[in-house]
Amino acid sequence: MHFIRRKGWEIPEREATPEALFLNRRSLLTTSARIGASIGAGVLAANIPNLAFAAGEVDPSASLYPAKRNESYVVDRELTPEAIASRYNNFYEYGLSKSIWSAAEALKTRPWTISVEGLVEKPKQIDIDALLKLMPIEERLYRHRCVETWSMTVPWSGFPLKALIDWARPLGSAKYVRFETFYDTKLAPSQRGFWPWPYVEGLTMAEATNDLTLMVTGAYGKPLAKSFGAPIRLHTPWKYGFKSIKSIVKIAFVEERPKTFWETSGPGEYGFWANVNPKVPHPRWSQATEEVLGTGTRRDTLLFNGYGDFVADLYKDLAGEKLYI
Ligand SMILES: Nc1nc2c(c(=O)[nH]1)N[C@H]1C(S)=C(S)[C@@H](COP(=O)(O)O)O[C@H]1N2
Ligand SMILES: [Mo]
């Protein structure tokens, strides 16, 4: 598959944003200044209703949030206001612009079954709410760096992928975990288009069992908004954002390295590892700095997005690999 057209998220956001969108975003930024003040006061959840369920309907997982914060994960900057983070998304299943949050409301997140399969003692299918009951839910503040050079800081809730792996009981022969997003052109009409659907991502077993690797089921003290990839998505904060696959329906333990959505789409531009490194430019733009969403400022990007203490060891014997693209 080749890039016939240039796609929104492959180019730096300021270059890519049509003027209308840009204006829309500026008005959003104004609103968010007020929300920022209440975040400062420790109120995270109050401002935005969770649109995932219609009026009168209650998300069955609502009582799990806000979850107790795990204080081991600290950040060096303000949280991104929810009004910005939840309305400035990459979710190609709902279109190529950043303004997909209302289109994503078409996603139906219950019932939702996750299939755990491949090299496991016994394949299992589990309902999302049953899984949530088994897993230790906590809140973590993480930074997120998109390959397009914008970044945000979000209070995610969820559980370590390691906990799910312990429950899944993979065989010793499993070398990678392969994740797959839902595929349903009725729920996501954009999946009729050009791209190699469904969205697929992968991690080595060592990456998957790293302490940082989080299965995300909530954000801002509530169940995950659809625009964030409800009801369950991955977050690997030391990697570019595209590794953090949304709305997962399948988790498979495999021997071969999974071929990902973005490797298939742009083999010269996106690889399997995709670890953040400011010194290794994308073939079409620098990765040295990032626009911190909601602040109007740029900062220097850090190696492994600042998470080297957790993950640098994973890569020390892989010198021949393209680790940073
Ligand atoms: N299924 C799916 N997962 C996805 C994407 C996508 O288009 N589809 N976009 C990725 C990219 S490029 C980024 S930056 C993050 C965006 O997450 P956010 O919308 O919560 O900021 O989701 C990632 N996961
Ligand atoms: Mo991204």
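As the structure lists them, so they are numbered: ligands from 1, and atoms in each ligand from 1.
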Task: R110 and D59 ion-paired at < 4.0 Å - done: yes

Open item on the list: I'd like to know if K68 and E139 make a salt bridge, using a cut-off of under 4.0 Å between side-chain N and carboxylate O.
Closed with: no

Open item on the list: Check this for me - ligand 1, W156, N or O atoms closer than 3.5 angstrom, yes or no?
Closed with: no

Open item on the list: Out of all atoms in ligand 1, which are within 4.0 Å of some heavy atom of T181? Include the element for each.
Closed with: 1 (N)

- [ ] Considering the heavy atoms of F228, write down every atom of ligand 1 situated less than 4.0 Å from one of them.
- [x] 20 (O)

Task: ligand 1 N/O within reach of H144 N/O, cut-off under 3.5 Å - done: no

- [ ] Using the salt bridge (charged side-chain N to carboxylate O under 4.0 Å, His left out) rule, collect all pairs that involve residues 274-283, keeping only residues at least two apart or in two chains.
- [x] none

TODO: Just go through Y240, Y199, F261 and tell me whose heavy atom is the nearest to atom 6 (C) of ligand 1.
DONE: Y199

Open item on the list: Over 60° means perpendicular and under 30° means parallel, so tell me whether W112 and F182 are parallel, tilted or perpendicular.
Closed with: perpendicular

TODO: Using a strict cut-off of 4.0 Å, indicate which atoms of ligand 1 neighbour a heavy atom of C146.
DONE: 14 (S)

Open item on the list: Looking at ligand 1, would S244 count as a contact under a 4.0 Å heavy-atom criterion?
Closed with: yes

TODO: Any salt bridge (charged side-chain N to carboxylate O under 4.0 Å, His left out) involving residues 206-217? Give me the pairs, sequence neighbours left out, ordered by first then second residue.
DONE: E207-K239

Task: Close approach of W150 to ligand 1, heavy atoms, under 4.0 angstrom - done: yes

- [ ] Run down the list E180, R233, E93 and name the one with the heavy atom closest to atom 20 (O) of ligand 1.
- [x] R233

Task: E321/R257 ion pair, N-O < 4.0 Å - done: yes

- [ ] Please work out whether any backbone atom (N, CA, C, O) or any side-chain heavy atom from C-beta onward of N89 is under 4.0 Å from ligand 1, and answer side chain, backbone, both or neither.
- [x] both

TODO: Could you list the atoms of ligand 1 found under 4.0 angstrom from a heavy atom of G241?
DONE: 10 (C), 11 (C), 13 (C), 14 (S), 15 (C), 22 (O), 23 (C)

Task: Among M152, R145, K98, closest by any non-hydrogen atom to atom 21 (O) of ligand 1 - done: M152

Task: Test item: Y142 side-chain N/O and L212 main-chain N/O as donor-acceptor pair under 3.5 Å - done: yes

Open item on the list: Please determine whether a side-chain nitrogen of the Lys or Arg among R77 and E290 lies less than 4.0 Å from a carboxylate oxygen of the Asp or Glu.
Closed with: yes

